[in-house]
Amino acid sequence: MQTTWGWLPAIYLFLGGLGAGALMVAAIFEFFGERYQSDFCPTALVGATVPGPLVILGTILLIFDLGAGLREPWRIFYMFTHFSSVMTWGVWLLTFFIPVSLVYGFLEVLDTFPAARDWLRGRRWLHWTKFLWNLPLRRTKRVFAGIGLGLAIGVAIYTGILLSAVGPAIPFWSTPAFPGLHIPLMPFLFLASAFSTGESLTVDLMATLFVDGRIPRGRRVHLIHLAVITAEALLISHLLIHAFGEGGAAAEAARQIALGQHSLVFWVFVILLAIIFPFVGHLYAAGLGRHLKPSGISSGISILFSGLFLRYLILVGGIHAFL
Amino acid sequence: MSRFRKSRWVVIPVALILVLGVISVGLLLEPALQALMAQPAPTPTPELLNYRAPQSVECIYCHVSEADLRVALGPDADISRLLILPDEVYSLHGRLGCVTCHGGNGYTRDVSVAHQGLVPNPSDYREAARVCLHCHTDLRTDIPEKYLHTPHERILRGIREGWEVCACSNCHGPVAHGVEPIGSHEGLAAYCIDCHTARNVPPERLKCYGCHISPHDIELDCETCHRSVSTWAQVRLAVHPMELTGGHAGISCFVCHEKPAFRTISGYTCKDCHQRPHDFGDDNCERCHTPEGWSQ
């Protein structure tokens, strides 16, 4: 069993996925007009402002996890130039994602709080930024939402690509998405999980807590979340079934997760909390057209827990290939 | 600032606190849940991939010492193949450790125990699938099988189906023992030709045809036309039955010839390639036109 990656990488993979997923939801709200159904949209506000800090925190943890990089930080800069490495792709994605998400968050704050915009505009020490205040706020925000959406998808799938690239040393992580094709499953699973956790924070929790589930209107967003939860369930099933069928280290990893040492964590924190519980909650919300406090809060919290534990289990469940 | 609707600001810190709370509770819950699970007794699992040199540490004690090897094998034994120089351990493959490729037991100095399950030649076709191919999964297969005497596809098929095929080291040379594996075309060519020469293979197998099979229907040395060992496309016109000048000078071989055969044009007259666009005159185009262009 691999012992190199444990809780710390699980936390920064979770923070990266959650930040990316939250920004995806905010950008989708921006483009489909959900953001402007009301002057205050907690989903968009959290989805735009929280990804920056979360991903920054995740990046700091990542640097702590880099033994040599922590002792000799200048070596991190070499990671920018090794273009055949998945790590380098990730470093560049984060390099662009963090500032774009911070700017997008700042613009969303200005849009949500006009008084803050007026206050900043009136500061003499910010007079040199006068030309920026003349830009159309919502159009500029939409540009950053678009760029952020693309980068968020990249950040969400990159963590899965990183893990699958470790194969064939850990065959469980390089399970293919389609039999016979060398397209790994992990990026798809991490993308689905990122979107699900992002939506749980911004829609299930924030919109339920702060506007009583009145945002989003209608059942469309809840149905989309149901589809994502279903996709996640199918991907997890495929991952385990393929691993059992492959035999060797992959099957042993799947056995440890589903039936062995980690099975309680898996069935409680992943299957029950990520799939069954939120599925019922979202079925209820989709039928009603909105989340009530019990369904929104319980679904949101359970999906956040499951996103963290899914990554942790995938990491600690990995077993080195047998020689 | 007082005009700001403070309750709305709360959304952002609440979201961040929720996320941090989930992580903190998760960190507390996981060990508790694990404690509830009956910890299974360690089950015998297959040997893990030993990527670290320390696991081969006992091998080094004997194999770097000529005196120890002599004691173990006798004063007249040929120990050159078994003696490892300390520097060799730090080569690319050497750092994987002896047992990674050779098996055996690197934790003991007992000769018989240490050599149980030893694989003397890990690149042998019977072992390569287990050893070399474990890491080298992306073998180059872009040259079609019909144009190489020993293509990777055939070797992989042979390993899979258990035929006797050549070993990885037959072409790529030894690894780890003070040498780096041969990967470049120049290195492979020199290594193959040396081996072919030593085995007195026919002379035509001492050049490109030692490994490559020509797709063309002409008997020329490859290097007569092909100028690069990294791409077949870089060629020069070396021989041609008729002089190619003017408009003919710059065109690719396969504009006129069928690919890959060359003998698809027999006459080398204008009408073999060109159609007469006018009714007057005959097929002797050269009476009026020159190769510089039809307008000339």
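Values reported hereafter were calculated over all heavy atoms of this structure, with side chains retained and with hydrogens, waters and symmetry mates removed. Within every chain, numbering begins at 1; the chains are lettered A, B, ... in the order of the sequence lines, protein sequences first and strands thereafter.
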**Student:** Where does A:P53 contact chain B at under 4.5 Å (heavy atoms): side chain, backbone, both or neither?
**Tutor:** side chain
**Student:** Given a strict heavy-atom distance threshold of 4.5 Å, which part of A:L205 is in contact with chain B: side chain, backbone, both, or neither?
**Tutor:** side chain
**Student:** Would you call A:D111 and A:R117 a salt bridge, using N to O less than 4.0 angstrom?
**Tutor:** no
**Student:** With a 4.5 angstrom heavy-atom cut-off, which part of A:F40 approaches chain B: side chain, backbone, both or neither?
**Tutor:** both
**Student:** Please identify each residue that fulfils side chain to side chain donor-acceptor pair (under 3.5 Å) with A:T159, with sequence neighbours left out.
**Tutor:** none
**Student:** Kindly compute the distance separating CD1 (A:I303) from CG (A:D204), expressed to the nearest 0.5 Å.
**Tutor:** 5.5 Å
**Student:** For chain A, find which of B:L20, B:L27, B:L29 contributes the most heavy-atom pairs closer than 4.5 angstrom.
**Tutor:** B:L27
**Student:** With B:C132, which of B:P122, B:S169, B:S123 fulfils side-chain contact (heavy atoms from CB on, under 4.5 Å)?
**Tutor:** B:S123
**Student:** What part of A:F305 lies closer than 4.5 angstrom to a heavy atom of chain B: side chain, backbone, both or neither?
**Tutor:** both
**Student:** Could you please spell out the steps behind the side chain to side chain donor-acceptor pair (under 3.5 Å) verdict for A:T202 and A:T43?
**Tutor:** CA-CA 4 Å; A:T202 56; A:T43 300; 5.2 Å; no
**Student:** Can you tell which of A:L18, A:T112, A:V46 has the highest number of heavy-atom pairs within less than 4.5 Å of chain B?
**Tutor:** A:V46
